[in-house]
Amino acid sequence: MKIATWNVNSVRTRLEQVVGWLQDNPIDVLCLQETKVVDESFPRSAFTDLNYQVYAFGQKSYNGVALISRSPLSDVNVGFGAVLPESVVGDLDEQKRVITGVLDGVRVVNLYVPNGSSVGSDKYLYKLHWLKVLREYLEVLLQQSQNLLVCGDFNVALEDLDIHDPKGREKQVMATDAERAALRHVLDLGLSDVFRKFNQEGGQFSWWDYRTGAFRRNAGWRIDHHYATPDLYERSIACTIDTAPRKLTQPSDHTPVIVELSLS
DNA sequence: ATGGCGAGAGGATCTCGA
């Protein structure tokens with residue numbers, strides 16, 4: 001089973017590239033983030049024409065996640081509110097950042113973690129709170145299934161190895177100790193970074209700023225991740241970053257990360 | 001320290017991303 005995560009920065013603007021990539025890479029589930037479109041306007045037919053199923057959870061202008069799956073998914077649900085009480089979720093589901101479904105006994109959780117804007121800002125505090133609630137959310141999912149693949153745009157670089165230039169990173173959003181601690185607390189539930197099982201090198205990134213020619217300089221960050229529960233982690237046989245879409249004209253600033261699981 | 005670039009909404013120039 002192959003699953004990919006890709007922050008496309010508007011699925012409508014990127015539609016031709018996403019469909020083209022899917023034709024070249026016929027994977028089982030494609031997890032999209034930053035679709036930036038309400039569900040009624042999601043370009044479904046572009047995917048259903050390729051015999052993929054579409055499950056979308058979007059909003060106007062911002063955020064938005066979707067699952068594009070070759071086979072129908074079971075038990076699809078959206079938002080933290082699907083499993084957590086309103087007293088915990090509050091208004092967090094107003095931003096569409098969570099969608100999940102099950103394929104062949106694997107629960108795929110597709111996340112778009114808040115960016116956090118700048119350290120100490122309201123959005124930064126929102127991000128830290130969101131990660132706290134994420135832990136509670138995954139804790140409930142783990143009671144239902146021992147096979148979780150949690151992927152998406154985490155907007156956190158866990159190690160200095162995941163940043164092209166970690167100098168001054170403690171003042172930099174996506175790399176502060178508080179963000180790393182919040183994500184590690186989530187992972188302490190028993191989730192492991194599949195990419196690092198196969199690759200311990202630096203210089204391996206999934207996002208490059210549009211500005212200052214960052215991609216040409218490989219001045220990137222590895223912030224798009226696949227995390228797996230122990231059995232799935234054991235069964236993972238590859239995890240790769242495909243930089244090809246980032247080289248196209250008018251690209252997303254992120255590129256796909258693909259995981260392969262051997263479930264036989 | 002600041003801005004660089006790009007998308008969406010709306011119809012000039014904002015907000016937001018990371």
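All chains are named by letter (A, B, ...) in the order of the sequence lines, taking the proteins before the strands, and each is independently numbered beginning at 1.
- For Asn9(A), counting side-chain heavy atoms from C-beta on, the closest listed nucleotide (dG8(B), dA7(B), dG4(B)) is dA7(B).
- In the set dA9(B), dC16(B), dC5(B), dC5(B) carries the atom at the smallest distance from any side-chain atom of Tyr210(A).
- Rounded to the nearest Å, the gap between the C1' atom of dG10(B) and that of dC16(B) is 16 Å.
- At a threshold of 4.0 angstrom between heavy atoms, the contacts of Glu34(A) are confined to the sugar-phosphate backbone, with no base atom among them.
- Between the P atom of dC16(B) and the CH2 atom of Trp207(A) lies a distance of 18 Å, rounded to the nearest Å.
- Nearest to the side-chain atoms of Thr13(A) among the listed nucleotides dA7(B), dA18(B), dC16(B) stands dA7(B).
- Using a 4.5 Å heavy-atom threshold, the side chains of Asn147(A) and Asp231(A) count as touching.
- Taking atom CZ of residue Arg211(A) and atom C1' of nucleotide dC16(B), one finds them 11 Å apart after rounding to whole Å.
- Put simply, the residue from Val108(A), Ile27(A), Val194(A) that forms a side chain to side chain contact (heavy atoms under 4.5 Å, CB included) with Ile3(A) is Val108(A).
- The distance from atom CZ of Arg180(A) to atom C1' of dA18(B) is 15 Å, rounded to the nearest whole Å.
- Defined by atom type and a distance below 3.5 Å, a donor-acceptor pair is present between the side-chain atoms of Trp208(A) and Asn218(A).
- A straight line from CZ of Arg217(A) to P of dG4(B) spans 16 Å, rounded to a whole angstrom.
- dG11(B) adopts an anti glycosidic conformation, its chi angle falling more than 90° from 0.
- Across the protein-nucleic acid pair, Leu111(A) atom CG and dA18(B) atom P stand 14 Å apart, rounded to whole Å.
- Proximity of Lys123(A) to the phosphate of dC16(B): a side-chain N or O atom is located under 4.0 Å from OP1 or OP2.
- We find that Arg70(A) and Asp28(A) are joined by a salt bridge, their nearest charged nitrogen and carboxylate oxygen being less than 4.0 Å apart.
- At the phosphate of dA7(B), OP1 or OP2 sits under 4.0 Å from a side-chain N or O atom of Gln250(A).
- If you find the closest nucleotide of DNA chain B to Thr212(A) and to Asp253(A), the one lying nearer the 5' end belongs to Thr212(A).
- The P atoms of dG4(B) and dT15(B) are separated by 15 Å, rounded to the nearest whole Å.
- Asn63(A) has its CG atom 13 Å from the C1' atom of dA18(B), to the nearest Å.
- Look at His254(A) and you'll find a side-chain N or O under 4.0 angstrom from OP1 or OP2 of dA18(B).
- For Arg97(A), whose side chain is taken as the heavy atoms from C-beta onward, the closest listed nucleotide among dA18(B), dG4(B), dG17(B) is dG17(B).
- Along DNA chain B, the nucleotide closest to Lys36(A) and the one closest to Trp221(A) are compared, and the more 5′ of them pairs with Lys36(A).
- Counting non-hydrogen atoms under 4.0 angstrom, Asn7(A) reaches the backbone sugars and phosphates but no base.
- Tyr112(A) comes within 4.0 angstrom of sugar-phosphate atoms only, judged by non-hydrogen atoms across all strands, and of no base.
- Only the P atoms considered, dT2(B) is 23 Å distant from dG6(B), to the nearest whole Å.
- Following rounding to the nearest Å, Phe215(A) (CZ) and dG6(B) (C1') show an atom-to-atom distance of 16 Å.
- Spacing between atom OH of Tyr126(A) and atom C1' of dA18(B) amounts to 17 Å, rounded to whole angstrom units.
- The nucleotide whose nearest atom lies closest to any side-chain atom of Ser10(A) is, among dA7(B), dG4(B), dA9(B), dA7(B).
- Taking only side-chain nitrogens and oxygens, Arg14(A) comes nearer than 4.0 Å to OP1 or OP2 of dA7(B).
- Comparing the P positions of dG3(B) and dG8(B) gives an interatomic distance of 24 Å, to the nearest angstrom.
- On the C1' atoms, dC5(B) is 12 Å away from dA18(B), given to the nearest whole Å.
- Tyr137(A) pairs by the ring-ring contact (aromatic ring centres under 6.0 Å, His included) definition with Phe80(A), not counting sequence neighbours.
- When the options Phe154(A), Trp207(A), Phe195(A) are evaluated for a ring pair (Phe, Tyr, Trp, His ring centres under 6.0 Å) with His225(A), the one that passes is Phe154(A).
- A side-chain N or O of Asp242(A) and one of Trp21(A) form a donor-acceptor pair less than 3.5 Å apart.
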